Structure formats: C-alpha cells, structure tokens
Colleague: 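Here it is, the structure in full.
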Amino acid sequence: MIAMFRAVLYTQWKWSRLIVVLGTVAAFAIPLLSLQGAARPDRGALQTQELLGAVQSWGALYPLLATALGLLMAIAAWAADHRGRHIHALTLPIERWRYVLLRFGAGVVLLAAPIAAVFIGSSLAVLTATLPPGLQSYSIALAVRFAFAVFVAYAVFFAVSAGTARTAGIILGLIAAVILVQVVANIANIDLNVFGAAQTVLLLGPGPLAVFTGRWMLIDV
Amino acid sequence: MRIILVLLAVSGIPRALTGQRWERQVQERVQRTIAAVGTSPGLPVVRRSGMLNTDEAASFQTTLAQHTPYAIIAVCDDDCSRLQLTLLTSSGSEIAKERNSESLPTLHFTATTTAVYGIRVVMEACRWNPCWYAIAVVPLRKIPS
Amino acid sequence: MASLKRWVLVGLTACSVLALAYLPPRGARSSGKSIFAVQSLQATPARRHAQVLADEWRNADAGVRLLEDRQRLKRDSLPASPTIVFRGPTLPPNVVRNVETVMDSVWRGLGLAETKVRVTLVIELQRPNGSAKSPTPLQDRVAYLAPDSAHRTTCMAYLPAGPYWTSFILGKLEARYEGFAVARFAQWLQASVGPCAFYAAYGTPGRPVQSWLAARNWDVGLYLGSNGIAGGRFSSLTLLGDPRFRWFWDGVYSFPPATVACLAGRPSGCRAAVLAGTTEEWTIPIPNVVLVERRWWRAQHLLPGERYLGDIARTVGRDRFLSFWTSALPVDTALAAALKRPVGEWTADWQRGFVAPIRLGPAPPLGGVAIALAIAVFAIGIVTATASRRQIR
Amino acid sequence: MSRVLALVSAASLLAAPLQSQDSLVARERRRADSLLSTWREAQRLADVADSLERARATAGSDTIAVGGLRIIVNPSSLPLREAAERAWPVIDSLYGSAAEDLPRYPYIFRAVDPDSGVRRAVLHVGVELPWDLDLRATSMVLLTTVTPPDFDPALADWLGAALRPALRPQDERAAVFVQLVTAPSEAVRACFLGDIARCQGVLQIGDSTGSLERLYATPAEREALVTGPFGDYFARGATALTLQNCRQHRVDACTALLRSLPPGSLPRPLAPAARMLLVRVALHAGGRDAYRRLVARPSATIGERLSSAAGMDIDSLVARWRNDALAARPKPLTLSWWASFAAIGWTAFFGFCALRSSRWRL
C-alpha cells in the first residue's frame, strides 16, 4: 500500500509540481510583503495603524491563495484520469475507494509545502520586524488557518472535479441560476436578496466558508 | 471683647441659617453639645465651623484664660464617622489629642497661664466629601476650691 | 528523483531571493515617501506657534471666566437644583425659566436632589469671533471647574451653546415647537453636566481616584445618566460603525492596544485600559479646570468610557461606590473591592454588554471550521462512494 | 493682650477664604493676560514670517503676464505662458471687465520634480505643480484655480462653489437638465414643467423662510428624505422614536425631524451646477460689466444681485435659465461605428476558434 501511495504521490507531483512550487513561493512571499516597513523603530500610534492596515489588506491574499491551490491541485489530481476516461484507474489492483483516498492523500501531502511556507515566511517576517508595543504576532494561528482553508478548498474541489463533466455542469448551472434569479429580482425591483442570504449562511458566523472570510491578521493586538 | 463677639457672630450664626443641610446639621449639634456641657457666664464660647475632605486638617488659634477649665468639643455631619481633635501650644507641640470618640471628640483642659493655644481638627473618615465640622471652645464653671 | 530535487531547489532559491529582497536590513527600511507628487500648504512655524498660544489662552481664559462666575454666584437659587448662568445677550425671564425647568427634570432624572457639592451651569450663548486683539474664545469645548481648596462646594460647568442651541434657547429655531427638540435639549444638558454630576452625586473623590481621573481627563466619568450620552443606546461605540467595513477597523486601531484588547473581551486588556493613569501620581492643579477634548470619543481608553463610572455606580450601589470614590487605597484595589470582582473581568463583561467581542488575529470561528471540515470529509466520502460505482461505457 | 490676639485670630479666620479666592482669580487673570500679550507678539511675528515666506517664495521666480493673469513661478519647463494664452480668453469672457482686477490675485506656483521621493522644502506659500504637466493639464490648472475677483461669502454660500470658468459648458447644462427631470422633488418637477415661481423656490433666490415647505412640498418627499439620506442620523438618540413614526407615514414626525436639522443643513434638491448655470446665464446676458454688478452689493439678496447683473427682471432670467437647461437635453445612446466593427470582429474571432476545435476532427 505504501508503494502504491508513493507511486500515486509521484505521478501527482509530476502533474502538479509547477502549482506546488509557485504556490509555495507565493505563500512564503505574502507574509514578508505584508510586514514591509515594520522594522522601523520610530513607529508612533499612527504608524501602528498604518502597519495594521497594511497587514489587513495583504491578509486578503491568504484565502485567495488557499482557494487557488485547492482548486488547481484538485483539477490536476483528476485531469489525467478524466483524459484516459478512468480506464487506467479502474484496471489497478486496488479498491476504487482506496484509490480515491490515495489521490486525495497525495494532494494533501503536496499541499503541506505551501502551508509550511506560510509558517516559515510569517515567522521570519515577524522575527526580523520591530513590532510596536502592544502588538503581537500570530504566525502559528495564521498557518493553521491557512492549512484549514487549503484542506477545505482542496476537498470540495476534489469532489467536484472527481465527478463527470455533467456533475460540474450541474453545479455551475445551479450557481448561474442563483445569480440569474438575483439579477432578475434586482431588475424587477423585487425585495429578494439571495446573495445576502447566501453570505449570511455561508460566510458569516460559523458558516461553512467562514474559514475563508474575516481578517487574516499576521500582526494584531 | 464686644468686637470679638460681633466677629464671631458674623462668622457663625448667619451662615448657619443660610447654609446647606449639612452645615445646619453641625451647627445644631454643636449648639446642643454646648448646652449640655454648660458654659461659664462672662466668658465667650469660641466656635468654628467648616468643611474638610477625608484626611484633610484645619486648625486655628484661640486664647485660653488661666485657671479656667475648658471643654473643647468637635462635631461633624452624618457622613463623617471619625474626627480627630488636638490641642497644641502656640509653638505647635501637642498638649492633648482625642481620636477615639469617632464623631464627637472632646478635650478638657485648664490653662495654667493665659496664652494662645492652637486647635487642630483632622477629618479621618468622611464617606461623602466634603464633611462639615464644627468646633466649640467652651469655658466651664470654675470648680470652687 | 533528480527532477524532484531540481524543483525543490528552484523553490528554495526563489524563497531565499525573496527573503533577501524583503527582510531587514535590506527590505524593511521604509523611505517614508509620500504617495502624492505634490505637497499641500502648511502654516509657517511662527503661525503654528501663535495658534498654540491662542489655544493656551482659550483654556486659561475659560478657567478665569469660570472663577469669576463662581465669585459672582448668588446663593438664592433652590438648594436642590443647579444654578444656571447665561453669558451673552440678556434673556427674557420666561426663557430662563424654561431652561431651569428642563434642568430640574434632568437633575431629578439623574437621581439628584440637594447635594453637598452644588453645580452651576454657565451656558455661553454664541460669542463673536476673535479680533486682532484676542483670539476667538473657547466655543467648542465643554470646561469644568472642579471644587478645590478655594471653594469646596461648587462645581462649575461651562457649556458653549453653539449656533444650534443658542437659536433654540433664544427661540429662533423652527424646531422649538417640536417636543423631541426639548428632549434633545434635556439630553444635551444631561450630557454636559459631565464630571460635575459625579461631584454632586458622590462628592469630592479621594486623592487616588482624583489623580486617576485627572490623569485621563475624566474620560470614564463624562456621563452619569443611564441612557446613551445622546439618548437611546447611543454611545461613543456607535460612532465606530459596522465591523463589516474597513473604516470600523481603522477606527478600532486608532485606540491604544489595551482598549482594542478590551473590545476583544480580554480581561487583561480591560484591566490595563481601566487602570491607565494610575501609575504616576498626578498633581491636582488649583484651579482644577477640566477641559473635555473636542472629539472626546477619540481620546478614550475604554469604549464607551463616558458611562463607565456611571454604570459601576448603578451596579454596585451608592454605598459601595462611595467607598471606592473616597478610598485612600490604590484605584485597582478600591475598585476591585467595590465591584467584588477583579477589575478586568468585570470590565470585560461590561464591555460585552455593548458590543460582541471583536475577533483579533487570524483565528477563524470554531463552529465554521468544524462545519467546513465536516463538509470536506462528507465530500470525500461521496467521491469514494461514487467512485466504487464507476463503469466504463 | 489676650483680647487683641483673639481679635486678630478671629479676623484672620474670617478673611482667609475670601482672600485666597481673590488672589487665585487675580493670579489666573494675570496668567491669561500674559498669555494674551505673548499671543499678540507671536501673531505679529507670524505675520512677518508669512510675508517673508511670500517674498522668499516669489524671489528668483519669473512673473508671466498674459492679459490680467499674473503667474509667479520658479524657472521650469512648465508651458505656463502658452497655457495662460489659452486660459485668458475663457477667464476674461466670464469675469468681463472685472478680469482687469486679476493682477491683484496672482498665481504663485512652485514647479517640482514629479518623483514623490525627492525631498523638498516645506510649502508655505502657493501651489506645487509637477514640472511634467502638458499644456492641456496646465491650462486646466489655471482655469480651476483662478481667484474670482471680490467674490463674497454670501454668494459663495448660495452657489456652493467658487465661480470659475466652466470646463465643459455643454455637460454642465446637460447635468442641470438631468437634475430637473430626476430630482425627487415636486417643486423641481413643477419648475421643469414651466412654473417659474417654483424654479425660484428650488434655486433659493428669494427669501429663505419656510424653505422646507418650498423645497420638499409633499409628505412622500419628506419621508424619503428622512428615511433615506438622514436615516442613520435620526436612527439614534432621541429622534429614533420620531423616525419610526415617520417610517409609518406620519407627516408631522417627518416634518419635525427635518425642522430639527441645524440651519442650512437641509439638502437642496438641485446641485450647485444648477445655480452655477443660472449665474453664467446672468453674466452672459449682462455683458462685460455683469460680474462687477453681481459682486457690487454683497448685502442685497441673491435675486436682486442676479437681476442687476443680468440687467433683466429675475423672472425672465430664471425663464432663460430654464430654456438653456431644457435645450441641453443629453443625446440618446448611440452606437459608434467602431463599436459595431469591434462586435463583428469578436464574433468572427470566437467563431474561428470554435471551428478550430478538435471535436470537429474525426
């Protein structure tokens, strides 16, 4: 089983190495960029505000990167099987559910690199910066959150991408239908806020996508 | 002597009539206490009143006649729970101190010679600042020897 | 394997280059450049110095006027309500009576009757602008003259009425016919009594509390009322706006870290925010003039600090609050004794009563993470299940 | 002896508090007076410093004179002379004979390196301009920063902006047309339909009493105003309850809320462009001395000033303003020739891509 996993991991690495390497570099770069200028010792209250503003703005890139990594890795995980109409996968001497888990596991292992890069990058950035008094760094919390976001994005897109083109079409069609309904409702001046409801249910509070939203503050009070 | 009485009247009684509830309260109390201890005819009762925050002190000087027993009494308003009263020589050294009688400290003293003495009051505990206080230096009847 | 090493090497090299480029000492030196190509006009240093002096004079002048008013005070007003003095044009008696009636109801609303420290409101109707001979007098800041050794039983509040309330008092405002305009006037008066309301209700504070309040310019004792300072639930917190917007966070981060930590519901932060100003022994000046900041809601250590002491007094009751107020113990000890709880914990709870704790750092809501992980696992489960039924057609 | 001592002590006790108060007030008064004299001195010094700065800012600078325009600027490659030659006729046509007074208000520019990183001396006088501005941008700067001669605060308050040349006169008129059609006010609609008296009301050129009734006549407008732009303002404090009543279509509540607004804060249904256009029409009608007449009597009402500037009664002036605005109806949406070509091009491109798809190959 280990050998099988190594084989799947290797093939998946070959398909997605560009994504992994670029994702890792980006994940390493974002914390460094977000703390630019934080090493000045002469920071007053206003500079503190500026620093936190910058950290907050750069923080928007973490969920985007997590989503992009999850999506691309999921697509890469199934692209070859889709191309070969799953014949190779179905001929392997292994239960199919095990095969799916091996594919998923391989993706998770490869995604560990960008997660580690976020942790190392943020730790380096924080260690080399002079933080104004009263502020503290959250490198570990940031890396953990990034890991959660990457895992969730990868799992969801892995499931979508594992399905047939018809499945993907249905999902996209549903999303398009919701958008259409909202647009028509706006035009017809009907008091219907599908987006608002979706935002409340999915993003705010303990929504399933709340792990992506909110403020990704590497530095905060 | 008449002039002193006039000044004291100006300083004390009219303000008692127009002042706040707490000021009237201490004026009435000191009046009652003076009546209770009884005064010697002919000699004036020196009275002072004012207000102090917790841990603040006020002092004044007065002349005590020789061989006359005096009762020096201090009262304060309902919000004051501890008042300290001290008798001092004109040079400032303590002669007697009373701090255990809570809101009604009293000192008894008979001067050997007529001299100026100092009297100091310390507001040791006032739950609603400032607390009003009043002091009376009451000459008592001489005990016939 | 060789290709794997090559790719790993590429990744590591890229990261090292980034680190060299952006980490100190090279990266983090900010040039402090302005993003604007042109700069705006600035006053000359001499002009700025003159403006600073003008500001100092305004404050001193306000103090002197309060002292002079205190000397001129007539003691014929009712003992159970504040005296009101108007500066500016002479008002008809009925107008003065109306204002006094509103003030009486405000006074009763604050639960006050005859008090040891009497309050005098000096309402300044709008004054002319400054001339070459003197700067514009203080017109946009409320000032208080606290009782001091010269006069122990009077607290004076100086209220510049400004154009709006001046027209209202003079009966020139269309809104004078409207009931709620009167209500707003009452609120304005109630909010403007400020520290004088505390002096009236609880007398002169003990030295530690007095020094603490002086050090923080009475930011926790600006309002004794139980409603918001502008009625309803309005408080300085309301001005922060909605957490969904960026400016909410700009506003939050403009406060000291301890204040922000308290907004996040951290007792340690709340404690630090409450005890700000207790470290150094503040000498109380004579005369003790308290000048409230123009934008007082931006200079607070607690949000909504203006009602903090008022809320404590209502919570612990008069006796316990008086024991704190006049205590000779350090503020944290006296306050904890009055609250019968650690200051930080009580304040954090009090803070939660106004706003849900803000989320600091990157930590996501736990419920959200749990649901997201459940969905992810569920999705994988579905895939494994459907994969078992895959067939080639 | 003892009597004298007692007398002294009693007298001193009585006098003490009064004395301390007097001395305190006197001390504070002395402090305030000394601060005041220091301020006066500092003020005089500041005046001198400002004038020196002005002299320093203009020293070694060129003075460019074109018509009534005077431009003081340090030597640079800015095309200020050409820009002034372009701007002067436009400025002259607006202010007429009053433009001769413009030398009293010279432009003071400092041409600076556009690189924001270059350290520069602090600016105390004039305006900085990047030296790489082109001719068009420089002329725009001159047109948008010219100081209107003798422009008084009363006129500025009513107009809501300084009276400067219009950069796009046609667009300004068109904007007024759109306002007349779309402003949520019955009075504006009536003005659009030809009621000149209502036009004067919404332009606020008469007396200012009862402005609420004139600007927002119907209950619906007042409710929309209160619950819309002022919704947040009234939602807090003592007005919250009245706001609820207003939301429940209680006219008196809405009116009360609007009346409680500080004087002058009631929004005008027509934007400044409408009043600006009225002034331009008046100046155009009044000839070269129109501007002088407009600013001659700051104490007069806006209506009187405008009619004296235009040399006609206010009704006809407003009617002319309305006709100008109506004549500037914006053009309906038209499809430009290049847009249609672009559409066809894109269609062809994607069609070609579709034909190249592998799915067509067997």
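Since this is a predicted model, take the numbers as computed values, not measurements. So you know, we letter chains A, B, ... as the sequences are listed, proteins then strands, and number each from 1. The basis for the numbers below is simple: all heavy atoms, side chains too, and nothing from hydrogens, waters or symmetry mates.
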Colleague: Checking C/Arg359 against chain A: side chain, backbone, both or neither under 4.5 Å from a heavy atom?
Modeller: backbone
Colleague: So which part of A/Val25 gets closer than 4.5 Å to some heavy atom of chain C, the side chain, the backbone, both or neither?
Modeller: both
Colleague: Tell me which of these, C/Pro362, C/Gly367, C/Pro257, C/Ala372, has more heavy-atom pairs under 4.5 Å with chain A than the rest.
Modeller: C/Pro362
Colleague: Between A/Leu22, A/Val211, A/Leu32, who has the most heavy-atom pairs with chain C when the cutoff is under 4.5 Å?
Modeller: A/Leu32
Colleague: Quick one: pull up SG in C/Cys15 and CG in A/Leu124 and give me the separation to the nearest 0.5 Å.
Modeller: 10.0 Å
Colleague: Show me the side-chain donor-acceptor pairs of residues 99-118 of chain A shorter than 3.5 Å, one per line, residues at least two apart or across chains.
Modeller:
residue	atom	partner	partner atom	Å
A/Tyr99	OH	A/Asp81	OD1	3.3
A/Tyr99	OH	A/Asp81	OD2	2.6
A/Tyr99	OH	A/Arg103	NE	3.2
A/Tyr99	OH	A/Arg103	NH2	2.9
A/Arg103	NE	A/Ala77	O	3.2
A/Arg103	NE	A/Asp81	OD2	3.3
A/Arg103	NH1	A/Gln12	OE1	3.0

Colleague: Could you grab the distance from atom OG1 of C/Thr386 to atom CH2 of A/Trp97, nearest 0.5 Å is fine?
Modeller: 14.0 Å
Colleague: Which answer fits C/Ala363, side chain, backbone, both or neither, if we ask what part of it has an atom under 4.5 Å from a heavy atom of chain A?
Modeller: backbone
Colleague: Do any of residues 136-148 of chain A come closer than 4.5 Å to chain C, heavy atom to heavy atom, and if so which ones, in number order?
Modeller: A/Gln136, A/Tyr138, A/Ala141, A/Leu142, A/Arg145, A/Phe148
Colleague: Can you confirm whether A/Val152 sits close enough to C/Leu373 that some side-chain heavy atom of one is under 4.5 Å from a side-chain heavy atom of the other?
Modeller: yes
Colleague: Which one of A/Leu218, A/Leu33, A/Thr24 has the most heavy-atom pairs closer than 4.5 Å to chain C?
Modeller: A/Leu33
Colleague: Against chain A, label C/Ala19 side chain, backbone, both or neither, depending on which of its atoms sit under 4.5 Å from a heavy atom there.
Modeller: both
Colleague: Determine the option with the most heavy-atom pairs under 4.5 angstrom with chain C, choosing from A/Glu95, A/Lys14, A/Arg17, A/Arg215.
Modeller: A/Arg215
Colleague: Kindly indicate whether the side chain of A/Arg98, heavy atoms from C-beta on, has any atom under 4.5 Å from the side chain of C/Thr384.
Modeller: no
Colleague: Contact part of C/Leu360 toward chain A, heavy-atom cut-off under 4.5 Å: side chain, backbone, both or neither?
Modeller: both
Colleague: What I'd like to find out is whether the side chain of C/Tyr253 reaches to under 4.5 Å of the side chain of A/Asp220, using heavy atoms alone.
Modeller: yes
Colleague: Does anything in residues 56-66 of chain A reach chain C? List residues with heavy atoms under 4.5 Å apart, or say none.
Modeller: A/Gln56, A/Ser57
Colleague: Taking ring-ring contact (aromatic ring centres under 6.0 Å, His included) as the test, write out the residues that go with C/Trp218, two or more places apart.
Modeller: C/Tyr199
Colleague: Name the option with the most non-hydrogen atom pairs under 4.5 Å to chain A; the candidates are C/Gly361, C/Ala14, C/Gly11.
Modeller: C/Gly361
Colleague: Evaluate whether atom CZ of A/Phe195 has more than 12 neighbouring non-hydrogen atoms of other residues, nucleotides or ligands under 6.0 angstrom away.
Modeller: yes
Colleague: Do C/Trp7 and A/Leu18 have side chains that approach each other closer than 4.5 Å (heavy atoms only, starting at C-beta)?
Modeller: yes
